[in-house]
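Bear in mind the structure is a predicted one, so any value in this text is a computation, not a measurement.
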Amino acid sequence: GAARLAASHAQGSDAWHAGSAGVLLLGCGFKPPKTALRASSTVSEVVRELEGRGVAARDDWTVDVTDFLEPEYLEAVEAQCSKLGIACLRVGGYEKAARARLVLTNPDLVDASGEEEIKQGHAVVLYVEADFANSDPLPNVLDNIGISLDKVGDIRLDGGAAYIALEPDAVKVATRLLRRALADVRTCEVLDAEYEPEGDLQEVQLVRIDKRAKKGKSLK
């Protein structure tokens with residue numbers, strides 16, 4: 001079956017192997033992106049780069065996870081991966097996420113281990129309660145504390161609450177520094193994976209701020 005086939009293709013510490021519970025990935029669980037995609041890249045440039053990464057992941061029986069991408073990039077990459085027999089799964093931190101990461105791998109690995117297992121652990125949602133009216137825009141705040149926007153998924157604002165999708169390795173920095181970078185932070189914690197974020201979807205891009213009119217709380 002697929003599990004035996006995966007085992008026969010296992011190579012090195014990044015390879016998959018068949019176990020009693022199915023197919024498991026050794027080590028950290030996925031092959032990280034080789035390079036960050038430039039924010040200024042065109043759709044065709046992103047498709048070309050991720051096509052190459054997807055082919056490598058398919059042929060090497062590894063898993064490659066992209067940065068967060070806008071919907072138009074996601075759709076174009078998914079269409080190309082479908083033509084080339086590359087498994088391409090969206091992970092955005094919640095079911096109806098607009099921005100998402102793509103998990104690229106061999107389709108037989110998905111069949112053997114299950115889609116949910118492969119998608120697990122690549123995106124989380126941070127729940128923050130703060131005075132956003134007297135804080136800088138969240139994309140600016142995240143960038144200022146060292147979290148690049150390609151590590152950020154959807155941002156939703158619901159009054160005094162915000163839902164921020166992030167790559168898991170950005171959560172520690174976010175939970176520690178957002179308390180200093182935002183005004184009157186009351187809560188900053190990882191949201192339960194089963195909860196669907198609410199509120200208005202925000203543009204994930206830097207905003208030019210008039211420093212003379214700035215009322216936000218500055219970092220100390």
Side-chain angles (χ1 to χ4, degrees), residues 1-19 21-125 148-154 165-171 193 204:
R4 291 194 297 274
L5 184 59
S8 70
H9 283 78
Q11 296 178 359
S13 61
D14 285 330
W16 292 72
H17 67 87
V23 178
L24 301 175
L25 185 65
L26 295 175
C28 63
F30 67 96
K31 190 173 182 179
K34 299 177 180 64
T35 57
L37 295 170
R38 299 189 308 278
S40 60
S41 297
T42 65
V43 172
S44 60
E45 289 172 339
V46 170
V47 170
R48 187 163 53 249
E49 177 176 340
L50 295 185
E51 175 187 328
R53 285 168 53 176
V55 168
R58 180 200 65 193
D59 295 347
D60 296 342
W61 291 72
T62 56
V63 175
D64 192 353
V65 188
T66 72
D67 294 329
F68 280 98
L69 302 170
E70 292 285 355
E72 62 268 27
Y73 294 86
L74 295 172
E75 293 167 4
V77 175
E78 286 170 334
Q80 186 65 9
C81 286
S82 177
K83 296 176 183 177
L84 298 173
I86 301 166
C88 182
L89 310 176
R90 289 195 190 196
V91 182
Y94 65 105
E95 184 178 354
K96 296 180 180 179
R99 285 170 61 85
R101 306 177 75 187
L102 292 175
V103 182
L104 310 174
T105 189
N106 189 297
D108 286 331
L109 295 182
V110 179
D111 293 340
S113 61
E115 182 175 318
E116 291 306 312
E117 181 176 332
I118 290 182
K119 291 167 62 175
Q120 188 174 6
H122 299 309
V124 297
V125 176
S148 62
L149 296 186
D150 56 7
K151 310 300 180 186
V152 180
D154 284 355
L166 295 169
E167 292 189 5
D169 60 6
V171 170
V204 183

Quick one, Tyr73 with Leu102, criterion side-chain contact (heavy atoms from CB on, under 4.5 Å). Give me CA distance, side-chain angles, the key distance, then yes/no. CA-CA 10 Å; Tyr73 294 86; Leu102 292 175; over 6 Å; no

Under the criterion salt bridge (charged side-chain N to carboxylate O under 4.0 Å, His left out), which of Lys151, Arg53, Arg101 is the partner of Asp67?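 Only one of Lys151, Arg53, Arg101 forms a salt bridge (charged side-chain N to carboxylate O under 4.0 Å, His left out) with Asp67, namely Lys151.
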
Restricting to non-hydrogen atoms, name the atom on [X] and the atom on [Y] that form the minimum distance, rounded to 0.1 Å.
| X | Y | answer |
| --- | --- | --- |
| Val91 | Ala123 | CG1-CB, 3.7 Å |
| Ala87 | Val110 | CB-CG2, 3.7 Å |
| Val125 | Gly93 | CG2-O, 3.6 Å |
| Pro168 | Gly121 | CG-O, 3.2 Å |
| Ala98 | Leu74 | O-CD1, 3.4 Å |
| Val47 | Ala76 | CG2-CB, 3.6 Å |

How long is the gap from [atom1] on [X] to [atom2] on [Y], to the nearest 0.5 Å?
| X | Y | atom1 | atom2 | answer |
| --- | --- | --- | --- | --- |
| Arg48 | Ser41 | CZ | OG | 9.5 Å |
| Thr105 | Asp60 | OG1 | CG | 10.0 Å |
| Leu69 | Arg90 | CG | CZ | 9.5 Å |
| Leu149 | Phe68 | CG | CZ | 11.5 Å |
| Glu115 | Leu109 | CD | CG | 13.0 Å |
| Gln120 | Glu117 | CD | CD | 7.5 Å |

Out of Asp64, Asn106, Leu104, which one pairs with Arg58 under the side-chain contact (heavy atoms from CB on, under 4.5 Å) rule?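 Testing Arg58 for a side-chain contact (heavy atoms from CB on, under 4.5 Å) against Asp64, Asn106, Leu104 leaves exactly one candidate, Asn106.
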
Asp108 side chain near Asp111 side chain, heavy-atom distance below 4.5 Å: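 Yes. Closest side-chain heavy atoms under 4.5 Å.
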
